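One structure is given here, and the rest of the page talks about it.
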Amino acid sequence: MMALGSGIYVAHSVAFRSELQRMAPDHIGSSTSSRQRDLVFIVNPLGANGRTGKEWRKLVPYLRSRLGKECNICESITSGPCHAIDITREAIREGADAVIAVGGDGTLHEVVNGFFWAGKPVVSQVKESTRSTALGLIPLGTGSDFARTFGWKNDPYEAIERVARGLRSSIDVGVITGENCDHHYFINVADIHLSAKAGFYASRYKRFGNLCYIIGALQAFIGHQNQDLRIRFNDGPWETFPEVTALCIGNAKYFGGGMKITPNADPFSRNLEVVILQNFKWYDFVLKLHRLYSGTHLSVKNVSDRSVLSIEVEDISGKGGIYIQSDGEHLGFLPKKISVLPAAIEMIL
């Protein structure tokens, strides 16, 4: 680790335990603290075509002046896919007061997955810790759809003020399991079939900013066919849903660069919102795109929604190849089960 200034450190790996003081059992920014708190900022320097790294470097002086006297600030730079997961787990085990994702929904997604290991929450191994590590966010990436649910702007200075205040609230997390029993977590939206395929293609065009979502959707439509799916809700009976175009499961409201796809989702509700689009043609998306972005599509023909604790989805055809993603990250193909974990993580709001 390399020191940036008083109370500020840069970690390029997860081995930062010797440089950080132990966490004090009080709120971030509290004037009653006799110890400094450990805040771990996980930065994806390549996010938004390198813009995240550049903007973050400009923020460091302000971060030093605003938080450096009260907190030990560890800036951990990711070196590749899944690195943020490992950093987060190590930070939690070492008793960090908060782990703050710096970047877009992809970085946030990895940090959220770092809060869990082998199907269980990661816990601090520090005896003095009296409360759990909180999750924070400084949105700086290509997509910051999760932040939209809270009405947060892509304003890093405003985000740092949230960290300084340190107000916490428990939020829900979604968990996805498949035939191999692996657990994968999401905080925003999981989706299946056309939208997931579009997200898979969009990831190849991140250099074009939010335009990548439109390019991905156009590419996904090539050769697309609606599919009959077997679905069951809350471990109830199986039902057949014909001609499914896309199925979205929201813990929060937005995906795809600002599309309000699950408008009734609430990460404090202890439920997930499921929205199913059936028998949509390419021209339906053209004609109804404005309603998908505004969140007024639930009254449109062939759109249904419901609130659930869990949902299982299978491909009736048995051919495979039905895409699933969560928070914009490709997770493979059906079958999958998606469930809510109520109040799973404390988040700085």
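Just so it is clear, the model here is predicted, and its values are computed rather than measured. Values below: all heavy atoms of this structure, side chains included; hydrogens, waters and symmetry mates excluded.
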Do Glu312 and Pro335 have side-chain heavy atoms sitting under 4.5 Å apart?
no
Below 4.0 angstrom, N of the basic side chain to O of the carboxylate: do Asp97 and Arg168 qualify?
yes
Salt bridge flag under 4.0 Å for residues Asp284 and Lys281:
no
Quick check: do Phe268 and Leu349 have side-chain heavy atoms less than 4.5 Å from each other?
yes
Trp152 atom CH2, neighbour heavy-atom count above 12 within 6.0 Å:
yes
Are any of the side-chain heavy atoms of Ile231 and Leu247 separated by less than 4.5 Å?
yes
The test is ring-ring contact (aromatic ring centres under 6.0 Å, His included); show your working for Phe333 and Tyr323 and say whether it passes.
CA-CA 5 Å; Phe333 307 94; Tyr323 286 69; 5.0 Å; yes
Hey, does the side chain of Thr262 reach the backbone of Ala252 with a donor-acceptor pair shorter than 3.5 angstrom?
yes
Within the structure provided, determine whether Gln227 and Val244 are in side-chain contact (heavy-atom separation under 4.5 Å).
no
How far apart are the closest heavy atoms of Ala190 and Ile176, and which atoms are they?
CB-CD1, 4.0 Å
Residues Leu140 and Thr52: closest non-hydrogen pair is O-OG1, 3.1 Å
Asn271 and Ser269: side chain donor to acceptor below 3.5 Å:
no
How would you list, by chain and number, every residue that makes a side-chain contact (heavy atoms from CB on, under 4.5 Å) with Phe221, sequence neighbours excluded?
Leu194, Trp282, Phe285
Are Glu161 and Arg165 close enough for a salt bridge, meaning some N to O gap below 4.0 Å?
no
Cationic N near anionic O, under 4.0 Å, Asp235 to Lys337:
yes
Any chance you could measure Asp228, atom CG, to Ile316, atom CD1, to the nearest 0.5 Å?
5.0 Å
Between atom CG of Asp191 and atom CD1 of Ile261, what is the distance when rounded to the nearest 0.5 Å?
8.5 Å
If a pair satisfies side chain to side chain donor-acceptor pair (under 3.5 Å) and one of its residues is in residues 240-250, list it, with sequence neighbours excluded.
Asn226-Thr245
Could you name each residue pair satisfying ring-ring contact (aromatic ring centres under 6.0 Å, His included) that touches residues 48-69, not counting sequence neighbours?
Phe41-Trp56, Tyr62-Tyr157
Indicate yes or no for a side-chain donor-acceptor contact from Asp327 to the backbone of Ile187 under 3.5 Å, with no hydrogens or angles considered.
yes
Parallel, tilted or perpendicular: which fits the ring planes of His224 and His193, with parallel below 30° and perpendicular above 60°?
tilted
Same cluster or not: Leu334 versus Phe200, using hydrophobic residues (I, L, V, M, F, W, Y) connected whenever any side-chain heavy atoms lie under 4.5 Å apart?
no
Side chains of Asn72 and Asp38: do they bring a donor and an acceptor to under 3.5 Å?
yes
Can you check whether Phe150 reaches Pro267 side chain to side chain, under 4.5 Å on heavy atoms?
yes
Treating Asp105 as the side-chain partner and Phe146 as the backbone partner, does any N or O pair qualify as donor plus acceptor under 3.5 Å?
yes
If you define the side chain from C-beta out and look only at heavy atoms, does anything of Val173 sit under 4.5 Å from Phe115?
no
Parallel, tilted or perpendicular for Phe233 and Phe241, by the 30°/60° rule?
perpendicular
Student check: side-chain heavy atoms of Tyr201 and Leu218 closer than 4.5 Å:
no
Hey, does the side chain of His183 reach the backbone of Cys181 with a donor-acceptor pair shorter than 3.5 angstrom?
yes
Does Gly236 offer a backbone N or O that forms a donor-acceptor pair with the side chain of Asn234 under 3.5 Å?
no
Are any of the side-chain heavy atoms of Pro45 and Thr78 separated by less than 4.5 Å?
yes
For Leu135, which of Thr88, Val112, Ile100 qualifies under side-chain contact (heavy atoms from CB on, under 4.5 Å)?
Val112
